[in-house]
There are 2 protein chains.
Amino acid sequence: MGRLGELEPVPRRSTVEIVSAELRAAILYGSLAPGTQLGEAELAARLGISRGPLREAMQRLVQEGLLHSEPHRGLFVVTLDHDDVEDVYRARLAVEREACRLVMARNRGEAVARLTEALEGLVTAARERDRVAMSDADQAFHQVLVSASGSPRLERMAQTLLVETRMCLNALQDTYPEPEELVEEHRRLVDAIADGAEDRLLLLIEEHMIDSVERLRPAP
Amino acid sequence: MGRLGELEPVPRRSTVEIVSAELRAAILYGSLAPGTQLGEAELAARLGISRGPLREAMQRLVQEGLLHSEPHRGLFVVTLDHDDVEDVYRARLAVEREACRLVMARNRGEAVARLTEALEGLVTAARERDRVAMSDADQAFHQVLVSASGSPRLERMAQTLLVETRMCLNALQDTYPEPEELVEEHRRLVDAIADGAEDRLLLLIEEHMIDSVERLRPAP
DNA sequence: GCCGCTACGATTGTCGACAATCTGCCGCAG
DNA sequence: CTGCGGCAGATTGTCGACAATCGTAGCGGC
């Protein structure tokens with residue numbers, strides 16, 4: 001919310017926006033599994049809209065890379081192979097590394113505050129051994145990190161990449177790090193920011209990505 | 001082309017793809033100026049299609065960030081202010097830096113070859129003092145650089161960012177670097193890759209971005 | 001004279017119907 | 001029995017028409 005009662009534009013969301021967010025969430029939580037074909041008629045009926053707006057929303061996800069289109073055949077949820085997993089984390093590294101640099105340069109205070117809050121969510125989820133909540137909190141943490149950088153473009157890129165990350169995790173649901181380890185990795189990131197230790201932070205974020213992709217390696 | 005007569009999928013492009021590419025190009029070359037409203041009826045007529053497919057194509061550009069939508073009002077070409085210019089180059093730095101790392105790690109040979117070719121195009125354009133051709137060649141160079149990294153996600157991000165870069169240049173058409181200087185900056189990049197000097201390359205690419213945003217600063 | 005209300009024209013948002021294309025099945029010839 | 005050709009059903013692609021919303025011009029009231 002805009003602080004101090006500032007007048008901000010009312011967030012009037014168009015139908016396309018709502019529907020594309022809906023689809024994105026469905027892909028993120030795996031209720032639209034990789035490889036699934038999206039039948040237009042059925043989906044439109046389930047969403048209570050006609051095919052027109054639905055098709056527009058789907059084109060957004062195509063551009064995002066979450067769907068791929070085979071002309072005259074249909075739209076399918078992308079399936080990520082191991083190379084893609086690597087690629088996702090590599091791209092995330094590029095984005096989040098720059099985000100870290102920005103945060104250190106111009107927004108440390110607020111970042112630490114918001115990240116500490118996000119970290120608490122992760123701690124709670126870890127304590128309860130709730131994998132979905134942990135994924136949610138993990139994603140939220142990184143979203144906050146990039147958001148705190150104040151770069152709209154990095155933020156937009158990160159959003160897509162985080163969805164793809166979740167797809168990886170869903171596909172390989174078994175291998176998920178020890179909750180404590182995951183919490184610690186994130187806590188160290190917050191500490192580094194709080195300490196103003198940029199070099200350490202950059203090393204940590206790189207390690208964090210390498211660890212993540214490593215954990216996903218032995219799977220098929 | 002796939003070498004040695006390999007059988008690749010025929011590049012059947014859907015209408016939406018063609019139209020969105022068309023629009024992207026129109027924005028890139030400034031024939032759809034920033035702030036312009038895209039009247040659906042008129043555009044559809046000019047493209048010889050109906051509003052349906054056009055709207056789908058436009059949603060792709062919205063997701064890309066090249067258009068922004070005001071519900072019940074219309075779609076507009078984004079206008080980039082100075083903060084956006086900074087943001088674009090910052091995001092490019094993030095992407096291209098990682099691309100440089102990848103190129104060094106696993107594709108130096110091919111990269112040097114393709115980049116040398118791209119550099120020649122830039123030299124030709126510079127010799128003829130053709131600003132548009134120089135922009136084209138500049139863009140092509142960086143596209144090749146990221147493409148040589150072999151990372152589909154970096155490549156996709158870079159594509160959008162390069163279009164936005166062009167929008168900046170179009171808006172501030174007057175300030176464009178000395179042709180020789182521009183050529184030299186790029187030649188140094190190729191040399192660094194050829195020499196296998198990663199640290200130097202990373203410094204150069206960072207400088208390249210800083211220089212670029214600096215050149216665009218004094219303008220309104 | 002200025003402000004607010006109302007009616008109109010224009011544009012966007014949505015829908016249902018039609019055309020084009022693909023997939024799978026069936027029949028038929030070899 | 002195998003392979004080809006073609007037909008039928010289903011799905012995607014496209015279109016034109018209708019409904020909803022917005023901006024504006026004009027009118028009336030204060």
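Keep in mind that the numbers below use all heavy atoms, side chains included, and drop hydrogens, waters and symmetry copies. Letters go in sequence order (proteins before strands), and every chain restarts at 1.
Counting any heavy atom pair closer than 4.0 Å across all strands shown, B:Glu70 reaches no nucleic acid atom. Looking at heavy-atom distances under 4.0 Å, B:Ile49 makes contact with sugar-phosphate atoms alone, never a base. Across all strands shown, B:Leu38 has heavy atoms under 4.0 Å from sugar-phosphate atoms exclusively, and none from any base. Among the protein residues, B:Gly52 comes within range of no part of the nucleic acid, since none of its heavy atoms lies under 4.0 Å from any strand. Residue-level contact check: B:Thr15 touches the backbone only, with heavy atoms under 4.0 Å from sugar-phosphate atoms and none from bases.
Rounded to an integer number of Å, the gap from CD of B:Gln37 to P of C:dT11 is 9 Å. One atom, CZ of A:Arg73, and another, P of C:dT21, lie 14 Å apart when rounded to the nearest Å.
Between the side chain of A:Asp84 and the backbone N or O of A:Asp81 there is at least one donor-acceptor pair closer than 3.5 Å.
Protein chain B contacts DNA chain D from D:dT14 to D:dG23, reading 5' to 3' and using non-hydrogen atoms of the protein with a distance under 4.0 Å.
Heavy atoms from other residues, nucleotides or ligands lying under 6.0 Å from CD of B:Gln37 number more than 12.
Comparing A:His72 and A:Ser50, the nucleotide of DNA chain C nearest to each residue sits closer to the 5' end for A:Ser50.
Salt bridge absent: B:Arg90 and A:Glu98 never bring a charged side-chain N and a carboxylate O closer than 4.0 Å. The existence of a salt bridge linking A:Arg131 and A:Asp138 is excluded, since no basic side-chain nitrogen approaches an acidic carboxylate oxygen closer than 4.0 Å. Classification of B:Glu56 and B:Arg60 as a salt-bridged pair fails, no side-chain N sitting under 4.0 Å from a carboxylate O.
Applying the side chain to side chain contact (heavy atoms under 4.5 Å, CB included) test to A:Glu207 and every residue at least two apart in sequence or in another chain returns nothing.
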